Visitor: 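Sharing a structure, written as structure tokens. Questions coming.
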Number of protein chains: 2
Amino acid sequence: MRIGELSKATDVPVPTIKYYLREGLLPAGELSSPNQASYGDTHVRRLRLIRALIELAQVPVATVKEILESLDSDTEPLHEQIGRAHRALTPTRRLSATDEARTAATTQVTGLIADRGWSVDPEAPALATLIDTVAALRTLGQDNLVAHLDTYADAVERFTQFEIDAVTTNPTRDQLAESVVIGTILGETLIASLRLLAQESISADRWKNR
Amino acid sequence: MRIGELSKATDVPVPTIKYYLREGLLPAGELSSPNQASYGDTHVRRLRLIRALIELAQVPVATVKEILESLDSDTEPLHEQIGRAHRALTPTRRLSATDEARTAATTQVTGLIADRGWSVDPEAPALATLIDTVAALRTLGQDNLVAHLDTYADAVERFTQFEIDAVTTNPTRDQLAESVVIGTILGETLIASLRLLAQESISADRWKNR
DNA sequence: GCTTATGGATACTGATACTATCCATCACAG
DNA sequence: CTGTGATGGATAGTATCAGTATCCATAAGC
């Protein structure tokens, strides 16, 4: 398959494919001569994955690169691969909220994690985001939402459990890792849009008049 | 309160505040003379909301503007306000996945919505995103995840229900609308980080060895 | 009266995600 | 075997975004 065919197969413009090649998101094709390379099925699948992450999940190109690198390093233990992807996915440096809200949020969140017996690396970036978010919700006066953090955690625990089950059926380690990463990222988009639809429907019933 | 104090109170640099004023995210302060304005508590709260949306939820500035405009138009019915915010929040133009996957995804999603009796505007942007996401997951070979769309919907329905309940306690219509919007957007960040933590914890237990 | 801050306007910056252009091959149809 | 079009690789250009920086005439506060 030449680049033009790859482009047709995935509906990605040739210059964009070249860009992804330059950036190292897509491995180079096999060169048969200095200016002739052939691409295979792996390239088609990889390219589709790249586009799904970028267009659907809005993951920045640099982050996609990190994630793919972590997927391709099959020497790493699975848990480490997942951790790398998580780290790449969670933007660093956030700040908002007052100091009181921050400390309150920190105790609430650490309490929640302890209660549920979750084993969480205190350095996990998602932990910082969670604390910041709870703190922000408090500062914005949404305490009644924050009060039900546990209900959120219940629901989340439920589908995370089954996601892991669903994904564990994958035969090989590589496929497993890929499934986890795709599930993590596109799963988020899936949940977000389901949530929007549910909200729209429930709110329509509830507030017809206001 | 002058701009410097507003800056100190919210930890947002003065030039950034000026930028938000220019962009119309933040209403102008009350002018006491041609180059002296005073800002009040509304500005502090509004600014904190802006930063939470931008930093935590990664909402683009232009979208924040749309959302705030919709919040400020208290003539609109509540459901319309929410719809506007949803529309602003969901990026248009996505494409990926093969045609077979698209049609399969469309039937599955419309089936799900019918089964649950959700009343969803067929033009709702979240609907398109959901279909695209399901289609992408199929194209990427993650059928076992997609097979459990219903389980996701169950969990999502559960916390959406209670979110709406929690938010309904708000006394005034304006506060209700603000709560819905904040809950929708920061709730997503909340759920996403909870999910990451749950995943990390469960996957650590499950795949210690792989 | 002197330093600092302010409102308002305009200009500049760095990052991101592509697009466009060039050019020296290559493939291959006629 | 020659002309047309695609290709790999390199380099340059573009649009958008989210601020920063600079200027200036005025106002505040010591």
Side-chain angles (χ1 to χ4, degrees), chain A residues 1-40 43 47 49-68 88-89 91-96, chain B residues 1-40 43 47 49-68 88-89 91-96:
Chain A
M1 206 191 293
R2 298 209 304 285
I3 203 172
E5 305 174 76
L6 180 58
S7 164
K8 229 149 267 166
T10 55
D11 214 34
V12 176
V14 172
T16 305
I17 297 179
K18 285 188 172 188
Y19 167 62
Y20 292 153
L21 287 166
R22 279 203 301 283
E23 295 298 306
L25 299 200
L26 200 60
E30 208 184 326
L31 283 179
S32 57
S33 53
N35 68 335
Q36 215 63 200
S38 78
Y39 305 90
H43 293 94
L47 195 45
L49 175 55
I50 293 170
R51 295 255 66 176
L53 297 184
I54 290 177
E55 291 188 31
L56 234 42
Q58 317 252 76
V59 179
V61 169
T63 306
V64 172
K65 190 186 175 187
E66 281 184 72
I67 291 169
L68 295 177
L89 238 28
T92 39
R93 310 211 103 295
R94 276 145 288 90
L95 269 152
S96 263
Chain B
M1 207 190 293
R2 297 212 303 288
I3 202 172
E5 305 173 76
L6 180 58
S7 164
K8 229 149 267 166
T10 54
D11 216 35
V12 176
V14 172
T16 305
I17 297 179
K18 285 187 172 188
Y19 167 62
Y20 293 153
L21 286 167
R22 278 204 300 285
E23 295 297 305
L25 298 200
L26 200 60
E30 207 184 325
L31 282 179
S32 57
S33 54
N35 68 334
Q36 214 63 202
S38 79
Y39 305 89
H43 292 94
L47 195 45
L49 174 55
I50 294 170
R51 299 278 356 184
L53 297 183
I54 290 177
E55 291 186 32
L56 234 42
Q58 317 251 78
V59 179
V61 169
T63 307
V64 172
K65 191 187 175 187
E66 282 185 70
I67 291 169
L68 295 178
L89 238 27
T92 38
R93 311 207 101 294
R94 274 145 288 93
L95 270 151
S96 263

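Since the structure is predicted, the reported quantities are computational estimates derived from the model, not experimental observations. Note on naming: letters A, B, ... go to the chains in the order of the sequence lines (proteins, then strands), and numbering restarts at 1 for each one.
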Visitor: In whole angstroms, how far is the P atom of C:dT6 from the CG atom of B:Leu26?
Guide: 15 Å

Visitor: Please tell me if A:Tyr39 has a side-chain N or O lying less than 4.0 Å from either OP1 or OP2 of D:dT7.
Guide: no

Visitor: Any chance you could measure A:Leu25, atom CG, to A:Tyr20, atom OH, to the nearest 0.5 Å?
Guide: 7.0 Å

Visitor: Rounded to the nearest angstrom, tell me the gap between atom CD in B:Glu5 and atom C1' in C:dA5.
Guide: 11 Å

Visitor: DNA chain D: A:Gly4 or B:Ile54, which has the more 5' nearest nucleotide?
Guide: A:Gly4

Visitor: Would you indicate, yes or no, if D:dG19 has its OP1 or OP2 atom less than 4.0 angstrom from a side-chain nitrogen or oxygen of B:Tyr20?
Guide: yes

Visitor: Quick one: B:His43 NE2 to C:dT6 C1', roughly how many Å, whole number?
Guide: 15 Å

Visitor: Could you check whether B:Leu21 gets within reach of a base, just the sugar-phosphate, or nothing at all, counting any heavy atom under 4.0 Å?
Guide: nothing

Visitor: Taking atom C1' of C:dA17 as reference, at what distance in whole Å does atom CD1 of A:Ile17 sit?
Guide: 15 Å

Visitor: I need the NZ-P distance between B:Lys18 and D:dT20, as an integer number of Å.
Guide: 14 Å

Visitor: For the CG atom of A:Leu53 and the NZ atom of A:Lys65, what is their distance to the nearest 0.5 Å?
Guide: 15.5 Å

Visitor: Would you tabulate the pairs of protein nitrogen or oxygen atoms and nucleotide nitrogen or oxygen atoms of nucleotides 26-30 of chain C closer than 3.5 angstrom?
Guide:
residue : atom : partner : partner atom : Å
C:dC26  : O4'  : A:Asn35 : OD1          : 3.1

Visitor: Report the distance from atom CD of A:Glu23 to atom P of D:dG9, rounded to the nearest whole Å.
Guide: 15 Å

Visitor: Calculate the interatomic distance between A:Lys8 atom NZ and D:dT7 atom P; express it in whole Å.
Guide: 8 Å

Visitor: At their closest point, which heavy atom of A:His43 faces which heavy atom of A:Ala28, and how far apart are they?
Guide: NE2-O, 3.5 Å

Visitor: Between D:dT7, D:dG19, C:dG7, which one does the side chain of B:Thr16 approach most closely?
Guide: D:dG19

Visitor: If you compare all heavy atoms of B:Gln58 against all heavy atoms of A:Pro91, which two are closest, and at what distance to 0.1 Å?
Guide: NE2-CG, 3.5 Å

Visitor: Between CG of A:Leu6 and CG of A:Asp11, what distance do you get to the nearest 0.5 Å?
Guide: 11.5 Å

Visitor: Does any N or O in the side chain of A:Ser7 come within less than 3.5 Å of the main-chain N or O of A:Val12, such that one atom is a donor and the other an acceptor?
Guide: yes

Visitor: Please give, in whole Å, the distance from D:dT16 P to B:Lys65 NZ?
Guide: 16 Å

Visitor: Once you round to the nearest 0.5 Å, how far does CG of B:Leu26 lie from OG1 of B:Thr16?
Guide: 11.5 Å

Visitor: Nearest 0.5 Å, please: how far is CD1 in B:Ile3 from NZ in B:Lys18?
Guide: 6.0 Å

Visitor: Out of B:Ile67, B:Leu68, B:Val61, which residue meets the side-chain contact (heavy atoms from CB on, under 4.5 Å) rule with B:Val64?
Guide: B:Leu68

Visitor: Dump every N/O contact between nucleotides 11-16 of chain C and the protein below 3.5 Å, one line per pair.
Guide:
none

